[in-house]
There are 2 protein chains.
Amino acid sequence: MQHSIKSIFPNFSNELIAAIEKNGALQDFKAGTILMRTGQYIKNTVLITKGKIKIYREGEDGGEFLMYYLQPGQACAISMICTAKSEKSQIMAKVVEDVSVMMIPLQMMDKWMMEHRSWYEFVIETYRNRFEEVLEVVDNIAFRSMDERLEFYLKRHSDACGCSEVNLSHQEIAAELNTSREVVSRLLKKMEQRGLVKLNRNQIELLK
Amino acid sequence: MQHSIKSIFPNFSNELIAAIEKNGALQDFKAGTILMRTGQYIKNTVLITKGKIKIYREGEDGGEFLMYYLQPGQACAISMICTAKSEKSQIMAKVVEDVSVMMIPLQMMDKWMMEHRSWYEFVIETYRNRFEEVLEVVDNIAFRSMDERLEFYLKRHSDACGCSEVNLSHQEIAAELNTSREVVSRLLKKMEQRGLVKLNRNQIELLK
DNA sequence: AAGCTTCTGTGATAAATGTTACTGTAGGTT
DNA sequence: AACCTACAGTAACATTTATCACAGAAGCTT
């Protein structure tokens, strides 16, 4: 057990790992689980040790706009920020690949910042990375058109899963880009004609 | 002097204020000054004591997309995040109303986190507020159309300046929303017909 | 006043995106 | 096989946003 945390969070000091093992609770969730909803109060900081989570921003009309992925070795920045003041979540987190997460009670967050240098650095690094990721999201929707955003979406998906197949329907992709299924179908068809992808049912193969 | 910092940052402890006065450098900048450019290395954490700053995300094509305002009592979250690792800035900061800022050398950032509870809380609060602000920006461009975004833009401007007049040309507004001047003119005209604004040269009066 | 520049308004048109409607197909169920 | 459902393709059309072209008004300079 200790070995596993150490290998996933290599920069954590041994004292910090001991504190995590003592105070944290490891929990498993199946793909599809909604870990956190917009408006919910946050009671824990979440460290991912296995699996994948997608973070969405929800629109008033029920849209689910994909912001970024969380993977092993990462933490939910929102859960850290909100935890510090026990605030409401402004995002929705959905498990996309069975996860194990370490739940850290909110009191520990502040306490460890003072006690463990490696925790402090991890938190700061998490903030920085998530902030950067959100800024990239802003870039995409502010400066790019749908075809570029779709390409970026597919690339990010394959980076996250480490494979070149996207096993999603056009409908699901459309939802995460906040557009319509028809638009996604059209743009994918054009990409296929340009030789960038091969389209199968429920699957898109990335060729380049 | 001490009084002034204390009144603008009322939650700072006296010890922290003493440390700021000792290590920080107060600098003034005129409206129009670019305080920070995308890609520049950051050497200081910036606290605003007077005036107003706008934070932009720059597009590759030279677009300047407005993210949010910084006002007295606030700090640039990016400068904190990047300072911690002496990273490059991902944003551009422009003075829009003559400012005084307190420049805090990057070594102090980490040091004070451990030594001053009130600094720690200020930093966390700054992260949280800026993150929320950026999420709201994402909402706007992901879920809303240009007319709603324009209304939001005007409201935010009047909130920031505390007045109901926007002294900007349509061209300048268009640039900050990453659209064209004609679109802004047309949408403003419709707003005028709906009785929401009164249009003058280089000025928009908000009526509601 | 004459001349210049900047700002604003607006029509015409183009391009991108969203919507509606319908078709066919793959795969599963009975 | 017959049926059902989810998925994908596509045409036609509506809407939104971007671009081009031009004209008039406001303010400044000479």
Side-chain angles (χ1 to χ4, degrees), chain A residues 32 59-66 138-154 157 165-207, chain B residues 32 59-66 138-154 157 165-207:
Chain A
E60 288 153 12
D61 56 345
E64 297 185 355
F65 188 84
L66 176 64
V138 170
D139 274 7
N140 277 313
I141 43 181
F143 298 119
R144 303 198 199 294
S145 52
M146 197 54 83
D147 54 350
E148 292 175 291
R149 288 173 53 196
L150 178 58
E151 283 190 45
F152 184 80
Y153 174 92
L154 296 174
H157 180 99
E165 287 91 40
V166 179
N167 296 302
L168 294 171
S169 70
H170 298 183
Q171 184 61 258
E172 291 172 293
I173 296 171
E176 303 200 334
L177 289 168
N178 198 48
T179 180
S180 68
R181 200 259 317 159
E182 292 87 337
V183 171
V184 171
S185 288
R186 265 200 290 262
L187 294 176
L188 281 174
K189 211 66 200 169
K190 279 187 200 164
M191 286 178 70
E192 189 175 45
Q193 284 158 10
R194 286 195 290 150
L196 297 176
V197 296
K198 184 166 181 312
L199 301 179
N200 306 307
R201 187 187 173 84
N202 270 318
Q203 188 190 64
I204 301 161
E205 285 175 55
L206 305 183
L207 301 179
Chain B
E60 288 154 11
D61 55 345
E64 298 186 353
F65 188 84
L66 175 63
V138 170
D139 273 7
N140 277 314
I141 44 184
F143 298 120
R144 304 199 198 293
S145 51
M146 197 52 83
D147 54 350
E148 292 175 291
R149 288 172 52 197
L150 178 58
E151 285 189 43
F152 184 81
Y153 174 91
L154 295 175
H157 180 99
E165 287 91 42
V166 179
N167 295 303
L168 295 171
S169 71
H170 299 183
Q171 185 60 260
E172 291 172 294
I173 295 170
E176 304 201 334
L177 289 168
N178 199 48
T179 181
S180 67
R181 199 263 314 161
E182 294 88 330
V183 170
V184 171
S185 288
R186 269 198 279 268
L187 293 177
L188 281 173
K189 210 65 200 169
K190 280 187 199 163
M191 286 179 69
E192 188 175 46
Q193 284 156 11
R194 286 196 289 148
L196 298 176
V197 296
K198 183 165 182 314
L199 301 179
N200 307 307
R201 189 185 172 86
N202 272 316
Q203 188 191 63
I204 301 160
E205 284 175 55
L206 306 183
L207 301 179

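Keep in mind that this is a model prediction, so the values were computed, not measured. A note on names: the letters A, B, ... follow the listed sequences, proteins ahead of strands, and every chain is numbered from 1.
The distance from atom CD1 of B:I204 to atom C1' of C:dT8 is 11 Å, rounded to the nearest whole Å. When rounded to the nearest whole Å, the span between CG of A:L168 and C1' of D:dC7 equals 13 Å. When the P atom of D:dA6 is taken as reference, atom CD of A:Q171 falls 11 Å away, rounded to whole Å. Atom CG of A:L177 is separated from atom P of C:dA16 by 17 Å (rounded to the nearest Å). If you measure from atom CZ of A:F143 to atom C1' of C:dA16, you get 18 Å, rounded to the nearest angstrom. One can place CG of B:L199 at 15 Å from C1' of D:dA26, the figure rounded to the nearest angstrom. Taking atom CD1 of residue B:I173 and atom C1' of nucleotide C:dC7, one finds them 12 Å apart after rounding to whole Å. Look at CD on B:Q203: it is 11 Å from P on D:dG27, rounded to the nearest Å.
An OP1 or OP2 oxygen of C:dG9 is reached within less than 4.0 angstrom by a side-chain nitrogen or oxygen of B:H170.
Inter-residue side-chain proximity for A:E60 and B:R144 is flagged as met; some heavy-atom pair is nearer than 4.5 Å. Counting heavy atoms from C-beta on, the side chains of A:L196 and A:L206 never come closer than 4.5 Å. Looking at A:E176 and A:Y153, their side chains come closer than 4.5 Å, going by heavy atoms from C-beta outward.
Taking all atoms of both residues into account, the shortest heavy-atom contact from B:N202 to B:S169 is OD1-CB, 3.6 Å. Smallest separation of non-hydrogen atoms from A:M191 and A:L150: SD-CD2, 4.2 Å.
The residues B:E165 and B:K198 are annotated as not salt-bridged, no charged nitrogen and carboxylate oxygen being separated by less than 4.0 angstrom.
Here B:N202 lies in heavy-atom contact (under 4.0 Å) with sugar-phosphate atoms only.
For B:S145, taking side-chain heavy atoms from C-beta onward, the closest of the listed nucleotides D:dT17, D:dA26, D:dA6 is D:dT17.
Listed in residue order, the members of residues 179-193 of chain B having a heavy atom less than 4.0 Å from DNA chain C are B:R181, B:E182, B:R186, B:K189.
Heavy-atom nearest nucleotides on DNA chain D were determined for A:E172 and for B:R201, and the one closer to the 5' end corresponds to A:E172.
Although no hydrogens or angles enter the test, the distance criterion places no donor-acceptor pair under 3.5 Å between the side chain of B:E151 and the main chain of B:E148.
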